[in-house]
Engineer: 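Take a look at the following structure, please.
Throughout, residue positions are numbered sequentially from 1 according to the sequence presented. None of these values were measured; they are calculated from a predicted model.
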Amino acid sequence: MVRTMTGALVLSAFLAGCGGAETTETDPGPSGHALKLDVSFKDKGGEVAFLTPSNTVVTRPASELAGKPYLIATFEAGFSSGNDAPIDHVWGTIPDSLAVSYSTPATYEDGPYDIVFVGYLSTEITQETQDGPPEQSPPAAGGDIASFTLSSERIREGDPKSPPGTLRLNVEGADASVAIENRTPDDPDNGEQALAAFNDTVLLIP
């Protein structure tokens with residue numbers, strides 16, 4: 001799913017910036033905890049602005065997002081893109097509210113996991129694709145959007161590295177959650193703002 005994105009989104013010119021995920025104390029239920037992802041798209045005047053991997057800001061009409069298919073999938077930490085099957089996955093369509101929330105079943109034991117979001121704004125997704133193996137779903141291509149973070153803050157010492165385009169979640173006796181949005185710097189020439197905008201974000205693939 002993200003094997004093309006793995007190469008396209010490597011931003012070697014940047015250092016890992018800040019970023020974080022929330023951990024909330026909840027009833028673990030009978031078998032474990034859940035992973036949660038919230039994706040929100042902020043629009044201004046009906047336009048949604050995205051960063052591209054080259055640090056360029058590109059806008060899309062909000063109307064082009066609503067109704068488009070997306071895929072969210074969770075994996076064992078350090079999974080092999082395009083080869084390893086996800087633990088859980090869900091297909092959906094971006095609603096008019098431009099906000100997506102997903103929670104897995106509460107079956108995750110303590111440990112590190114990776115989660116990925118891909119929004120198919122340009123790539124055609126058929127019912128056959130959605131019914132097929134999720135690890136064989138199309139990678140984010142030109143015009144599509146995908147989760148991304150530069151931060152390695154949530155990768156603990158000794159844990160597998162996280163492939164580019166994925167977000168790390170750590171289950172530690174509670175549900176683990178992360179929120180991402182289409183971040184852009186107020187000042188594109190401000191290096192600190194640019195770095196921060198590449199953390200827990202949604203990028204547009206040119």
Side-chain angles (χ1 to χ4, degrees), residues 1-11 21 31-32 34-39 41 50-53 58 60 64-95 98-109 111-150 154-155 159-171 176-180 182 198 200-206:
M1 176 182 60
V2 293
R3 50 184 177 270
T4 297
M5 189 162 57
T6 297
L9 297 183
V10 173
L11 304 175
S31 54
L35 304 183
K36 301 179 179 181
L37 174 65
D38 290 314
V39 186
F41 302 101
F50 295 95
L51 275 177
T52 70
V58 177
R60 290 288 183 268
E64 288 187 5
L65 274 69
K68 293 296 186 179
Y70 68 79
L71 174 65
I72 297 173
T74 64
F75 298 87
E76 296 288 348
F79 72 100
S80 174
S81 302
N83 296 312
D84 294 341
I87 303 170
D88 291 300
H89 76 282
V90 63
W91 286 97
T93 55
I94 299 173
L98 303 184
V100 173
S101 294
Y102 173 63
S103 180
T104 68
T107 56
Y108 290 74
E109 299 178 353
Y113 301 92
D114 290 326
I115 191 167
V116 64
F117 167 88
V118 178
Y120 296 99
L121 306 190
S122 296
T123 300
E124 181 180 359
I125 300 298
T126 64
Q127 189 60 50
E128 183 179 4
T129 300
Q130 297 185 36
D131 292 340
E135 65 271 21
Q136 296 180 15
S137 60
D144 294 332
I145 54 178
S147 56
F148 185 77
T149 192
L150 278 178
R154 296 189 295 267
I155 301 176
D159 285 349
K161 298 300 182 183
S162 189
T166 67
L167 308 166
R168 177 58 52 84
L169 288 169
N170 293 297
V171 174
S177 64
V178 64
I180 61 174
N182 53 307
F198 277 102
D200 294 345
T201 190
V202 182
L203 296 185
L204 186 140
I205 310 305

Engineer: Specify the closest pair of heavy atoms between G143 and L121, including all atoms of both residues, with the distance to one decimal.
Structural biologist: O-CB, 3.2 Å
Engineer: Kindly indicate whether the side chain of F75, heavy atoms from C-beta on, has any atom under 4.5 Å from the side chain of P163.
Structural biologist: no
Engineer: Could I get the full list of side chain to side chain donor-acceptor pair (under 3.5 Å) partners for Y102, not counting sequence neighbours?
Structural biologist: none
Engineer: When rounded to the nearest 0.5 angstrom, what is the spacing between CD1 in I72 and CG in D88?
Structural biologist: 11.5 Å
Engineer: If every non-hydrogen atom of Y70 is compared with every non-hydrogen atom of I94, which pair is closest and at what distance?
Structural biologist: CD2-N, 3.7 Å
Engineer: Compare every heavy atom of Y113 with every heavy atom of E76, then report the nearest pair and how far apart it is.
Structural biologist: OE1-CE2, 4.0 Å
Engineer: Can you name the side chain to side chain donor-acceptor pair (under 3.5 Å) partners of S162, sequence neighbours left out?
Structural biologist: D114, T166
Engineer: Over all heavy atoms of both residues, which pair between V202 and F50 is shortest? Give the atoms and the distance, please.
Structural biologist: O-CD2, 3.5 Å
Engineer: Does the pair T123 and V118 meet the rule for a side-chain contact (heavy atoms from CB on, under 4.5 Å), with working shown?
Structural biologist: CA-CA 11 Å; T123 300; V118 178; over 6 Å; no
Engineer: Atom OG1 in T201, atom CD1 in I180: separation rounded to 0.5 Å?
Structural biologist: 7.5 Å
Engineer: Rounded to the nearest 0.5 Å, what separates atom OG in S101 from atom CG in L37?
Structural biologist: 8.0 Å
Engineer: Provide the closest heavy-atom pair for A34 versus S103 in the form atom of the first, atom of the second, distance.
Structural biologist: CB-OG, 3.8 Å
Engineer: Excluding sequence neighbours, so at least two apart, what forms side chain to side chain donor-acceptor pair (under 3.5 Å) with S80?
Structural biologist: N83
Engineer: OG/S147 to CG/L167 distance, rounded to the nearest 0.5 angstrom?
Structural biologist: 4.5 Å
Engineer: Ignoring hydrogens, what is the shortest heavy-atom contact between P206 and P53? Give both atom names and the distance.
Structural biologist: CD-CD, 3.6 Å
Engineer: Could you check D200, D159, T149 and say which one makes a side-chain hydrogen bond (donor to acceptor under 3.5 Å, both in side chains) with R154?
Structural biologist: D200
Engineer: Tell me, yes or no, whether the heavy-atom count around Q127 atom CD, taken from other residues, nucleotides or ligands under 6.0 Å, exceeds 12.
Structural biologist: yes
Engineer: Drop me the distance from L51's CG to I145's CD1, to the nearest 0.5 angstrom.
Structural biologist: 13.0 Å
Engineer: Classify the ring geometry of F117 against F41: parallel below 30°, tilted from 30° to 60°, perpendicular beyond 60°.
Structural biologist: tilted
Engineer: Under 4.5 Å between any side-chain heavy atoms of T129 and P138, yes or no?
Structural biologist: yes
Engineer: Taking atom CD1 of I125 and atom NZ of K68, what is their separation to the nearest 0.5 Å?
Structural biologist: 10.5 Å
